[in-house]
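Below: the structure, in structure tokens.
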Amino acid sequence: MTFKHLIGKLLNTLTWATVSILSVVLILLLCFFLLHSLDDNSIYFDDLSSCIVVEDEYPIDNLYIKISKGDTCIVDMLIYVKNDKKGCDSICLKNVSDQYKVKFYYISSQVHFDKRNYVLPDCQYEFKHTTVGDASPAFLFLYTDANGKFYYKKENRG
């Protein structure tokens with residue numbers, strides 16, 4: 001075997017080794033991103049603070065809320081963070097922070113909210129927390145009594 005052939009075999013071996021290492025690195029990166037994307041936007045209601053709170057690393061940038069009385073939707077709204085602000089780990093519906101804006105998709109003419117207070121008595125609330133990215137949305141279902149106190153309606157789905 002000549003020196004030229006030996007160098008050729010060595011280069012060929014090094015090329016395959018490099019491809020193999022890059023393949024392993026690529027597979028590890030894909031696994032990391034896949035596992036990372038399995039996170040969700042879990043939320044829960046904190047009785048002490050009366051706030052919707054995140055359970056994971058995703059702050060509340062968008063919180064979709066549907067409010068119903070019986071089987072009738074009376075409010076369909078989105079609470080979202082202002083452009084120059086960062087989302088928080090919680091939103092209190094009795095006093096929504098000024099760093100959030102509210103967009104109403106539908107609001108019954110019989111509904112009137114106090115400033116930054118979005119709690120209505122004797123209603124069902126459906127919350128949907130989403131973020132940008134692959135994390136799946138989280139749902140939370142609550143209802144209010146005649147005094148506007150929140151209670152869990154049924155288990156979350158997501």
Side-chain angles (χ1 to χ4, degrees), residues 19-158:
V19 168
S20 298
I21 290 171
L22 289 176
S23 297
V24 169
V25 168
L26 181 62
I27 290 170
L28 290 174
L29 285 173
L30 287 173
C31 288
F32 171 77
F33 286 120
L34 176 65
L35 291 174
H36 184 69
S37 70
L38 294 177
D39 288 340
D40 60 18
N41 296 295
S42 297
I43 54 175
Y44 67 93
F45 180 73
D46 181 41
D47 289 327
L48 295 175
S49 65
S50 297
C51 296
I52 305 298
V53 182
V54 296
E55 290 184 358
D56 52 31
E57 64 197 59
Y58 297 108
I60 300 175
D61 291 337
N62 299 297
L63 186 65
Y64 170 78
I65 304 171
K66 180 180 175 184
I67 306 172
S68 303
K69 266 203 190 280
D71 291 335
T72 305
C73 175
I74 59 172
V75 177
D76 193 9
M77 62 190 275
L78 176 68
I79 298 176
Y80 63 100
V81 71
K82 292 179 179 176
N83 290 338
D84 60 340
K85 304 288 183 183
K86 184 179 178 186
C88 295
D89 292 337
S90 66
I91 290 182
C92 297
L93 293 178
K94 291 184 179 183
N95 185 17
V96 174
S97 167
D98 286 337
Q99 71 189 54
Y100 289 97
K101 290 183 181 182
V102 177
K103 179 179 182 177
F104 290 99
Y105 297 105
Y106 172 77
I107 184 166
S108 170
S109 59
Q110 297 146 1
V111 173
H112 301 285
F113 290 116
D114 293 334
K115 185 178 180 177
R116 312 299 290 173
N117 181 350
Y118 300 101
V119 178
L120 298 173
D122 295 319
C123 290
Q124 297 88 35
Y125 281 72
E126 177 182 330
F127 299 93
K128 180 180 177 185
H129 176 226
T130 60
T131 58
V132 177
D134 292 339
S136 51
F139 294 87
L140 180 65
F141 300 92
L142 303 173
Y143 70 92
T144 53
D145 64 12
N147 298 317
K149 181 171 171 46
F150 282 98
Y151 298 92
Y152 279 95
K153 181 175 180 181
K154 57 184 172 180
E155 290 298 318
N156 301 346
R157 62 186 165 109

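Nothing here was measured: the structure is a model prediction, and the numbers come from that model.
Between Glu55 and Ile43, the shortest heavy-atom distance links the atoms OE2-O, 4.2 Å. When all heavy atoms of Pro137 and Thr130 are compared, the closest pair comes out as CB-CG2, 3.4 Å. Among all heavy-atom pairs drawn from Val53 and Ser90, the shortest one is CG2-CB, 3.9 Å.
Side-chain contact between Phe127 and Leu93: present, with at least one pair of heavy atoms (C-beta onward) separated by less than 4.5 Å. Taking the side chain as every heavy atom from C-beta outward, Ile60 and Ile79 never approach each other to under 4.5 Å. At least one side-chain heavy atom of Tyr152 sits under 4.5 Å from a side-chain heavy atom of Tyr44.
Asn95 pairs by the side chain to side chain contact (heavy atoms under 4.5 Å, CB included) definition with Arg116, not counting sequence neighbours. Listed by chain and number, the residues in a side chain to side chain contact (heavy atoms under 4.5 Å, CB included) with Pro121 amount to none (sequence neighbours excluded). For Tyr143, the ring pair (Phe, Tyr, Trp, His ring centres under 6.0 Å) criterion is met by Tyr151, not counting sequence neighbours. Remark: Phe113 engages Ile67, Val75, Phe104, Ile107, Val111, Tyr118, Leu120 in a side chain to side chain contact (heavy atoms under 4.5 Å, CB included) (not counting sequence neighbours). The side chain to side chain contact (heavy atoms under 4.5 Å, CB included) test applied to Asp122 returns Lys69, Ala146, not counting sequence neighbours. A search for disulfide (SG to SG under 2.5 Å) contacts involving Cys123 returns nothing, not counting sequence neighbours. Every residue meeting the ring pair (Phe, Tyr, Trp, His ring centres under 6.0 Å) condition with Phe150, not counting sequence neighbours, appears here in chain and number order: Phe45, Tyr125. Residues meeting the side-chain hydrogen bond (donor to acceptor under 3.5 Å, both in side chains) test with Ser49, sequence neighbours left out: Asp46.
The closest donor-acceptor contact from the side chain of Gln99 to the backbone of Lys86 lies under 3.5 Å. Asn117 places a side-chain N or O within 3.5 Å of a backbone atom of Val119 that can act as its donor or acceptor partner. Not one N or O on the side chain of Asn147 forms a donor-acceptor pair closer than 3.5 Å with the backbone of Lys149.
A distance of 11.5 Å separates CG in Asp114 from NZ in Lys94, rounded to the nearest 0.5 Å. Atom OH of Tyr64 is separated from atom CE of Met77 by 10.5 Å, given to the nearest 0.5 angstrom. Taking CD of Gln124 as the reference point, atom CZ of Phe141 lies at 11.5 Å (rounded to 0.5 Å). Distance check: Ile52 CD1 to Leu140 CG gives 5.0 Å after rounding to the nearest 0.5 Å.
Residue pairs meeting the side chain to side chain donor-acceptor pair (under 3.5 Å) criterion with at least one partner in residues 100-109, sequence neighbours excluded, are absent. The stretch residues 67-108 participates, sequence neighbours left out, in these disulfide bond (SG atoms under 2.5 Å apart) pairs: Cys51-Cys92.
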